[in-house]
Amino acid sequence: DGCLDTCFRASCGDGFIWAGMEECDGADSVNNNACTNACENAECGDGYVWAGMEECDDGDTDDDGFCDDTCEFRCTGASIVGFNHGLEDNGRCYLLSTAANGTADNYQTAQGRCEDLLGVTEAIGSDAGYRSNLVSINSLTENDLIRDFANTNGAGELFIGGRDGNRSPLPPRTEGTFEWEDGTPFSFELWASDTSHPSGSAQPDDDDATTGTGTQDCVIMSTDMADAWYGEWEDAVCGARAGRDDPYYVCEYVWPVIP
């Protein structure tokens, strides 16, 4: 009842189930186990990820977004505005933007849309292990995976998440030193050579890099098999480019491993 045998008032978190008032009592104040901190039995759709039982929980049982109606992650762009295709690999969801005849966004907006995907789950921010950025490429295997994924779904050129220089409102970068948006080390590179790139110049080739005033700050990958630099990278301006189609982009949505 409302009074414990210690003569203290019953409350949620005291470790005793108050009959008629509580469904459970885990004697704690956490929300990731079988009993929430409201002393209710955990269930799919309550907005809390039940460790070991659920991969995600977006607060409803709608079969949309990243979290399906059984609280398992799914990687699909079909139900997310701005994306048409998804590819899941090794705990990562790669989403290819919708783009046709110049509807792709510039780099800053693309990165912003990737960051906004954290809100699609309605749930959990990057401090819980969830991250979403323009894709970082950390190996030849991952590079080929993204290249083939984009090519299969009709993309010709692709913003990836590498950048130098200052592109407000994004964090500043040192001109000539490329970094990934997700903070992983820029340890793998696949720049186009002077023989493969249509400019005849080895990439990156920002002419103003030594003065700190370069404008070719953003990394683009060719995903068109007709290009000699197919799967390779160039540094390019981050907005519209005269005489060339706007690039698509791929977001990399990462969720934590649930033990």
| request: Show the numbers, then the answer: is there a salt bridge (charged side-chain N to carboxylate O under 4.0 Å, His left out) between E181 and R131? | output: CA-CA 11 Å; E181 295 296 345; R131 303 192 310 274; over 6 Å; no

| said: side chain to side chain contact (heavy atoms under 4.5 Å, CB included), that's the test. Do W18 and D25 meet it? Break it down for me. | reply: CA-CA 8 Å; W18 185 355; D25 197 310; over 6 Å; no

| said: Working note: S139 + T141, criterion side-chain hydrogen bond (donor to acceptor under 3.5 Å, both in side chains); need CA distance, chi angles, decisive distance, verdict. | reply: CA-CA 5 Å; S139 67; T141 298; 4.5 Å; no

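Considering all non-hydrogen atoms of both residues, N37 and C12 come closest at O-SG, 3.3 Å. Contact detail for C238 and N106: the closest heavy-atom pair is O-CB, 3.0 Å. The two residues A192 and E232 have their closest heavy-atom pair at CA-OE1, 3.4 Å. Nearest heavy atoms, L95 versus C75: CD2-SG, 4.4 Å. The two atoms that bring A228 and S196 nearest to each other are CB-O, 3.5 Å, heavy atoms only. Heavy-atom minimum distance, I17 versus E23: CD1-O, 4.3 Å.
Here the side chains of D164 and T177 are not in contact, with every heavy-atom distance at 4.5 Å or above. Within the 4.5 Å cutoff, no side-chain heavy atoms of N153 are placed close to those of Y248. Two residues are said to be in side-chain contact when any heavy atoms from C-beta on lie closer than 4.5 Å; D57 and C71 meet this criterion. Side-chain atoms of D217 and E175, non-hydrogen and from C-beta on, do get closer than 4.5 Å to each other. Residues Q111 and N133 are in side-chain contact: their nearest non-hydrogen atoms beyond the backbone lie under 4.5 Å apart. Residues W229 and P198 have side chains in contact (heavy-atom distance under 4.5 Å, counting atoms from C-beta outward).
Of the N and O atoms on the side chains of N143 and W233, at least one donor lies less than 3.5 Å from an acceptor on the other residue.
Interatomic distance, D46 CG to N31 CG, rounded to the nearest 0.5 Å: 8.0 Å. Distance CH2/W50 to SG/C44: 10.5 Å, rounded to 0.5 Å. Summarising the geometry, atom SG belonging to C218 is positioned 9.0 Å from atom CG belonging to L134; distances are rounded to the nearest 0.5 Å. The OG1 atom of T223 lies 10.5 Å from the CD1 atom of I146; values are rounded to the nearest 0.5 Å. For the atom pair D116 CG and S132 OG, the distance stands at 8.5 Å (nearest 0.5 Å). To the nearest 0.5 Å, the span separating CH2 on W180 from CZ on R163 amounts to 12.0 Å.
Hydrophobic cluster membership for Y48: none, as no Ile, Leu, Val, Met, Phe, Trp or Tyr side chain comes under 4.5 Å of it.
Judged as a salt bridge (Lys or Arg N to Asp or Glu O under 4.0 Å), the pairs with a partner in residues 132-153 (not counting sequence neighbours) are, in order, D144-R147.
If you check the gamma sulfurs of C24 and C39, they are not less than 2.5 Å from each other.
V250 pairs in a side-chain contact (heavy atoms from CB on, under 4.5 Å) with only one of the listed residues (I137, L96, I160), which is L96.
No single ILVMFWY cluster, assembled from side-chain heavy atoms under 4.5 Å apart, contains both F149 and M225. No chain of hydrophobic side-chain contacts below 4.5 Å, direct or via other Ile, Leu, Val, Met, Phe, Trp or Tyr residues, connects Y230 to I220. Hydrophobic cluster membership is shared by V135 and L190, with clusters built from Ile, Leu, Val, Met, Phe, Trp and Tyr side chains linked at under 4.5 angstrom.
Within the 3.5 Å criterion, the main-chain N or O of Y249 finds a donor-acceptor partner in the side chain of S97. Here the side chain of Q203 pairs a donor or acceptor atom with the backbone of S201 at under 3.5 angstrom.
Note: F178 and W191 meet the aromatic proximity criterion, with ring centroids under 6.0 Å apart.
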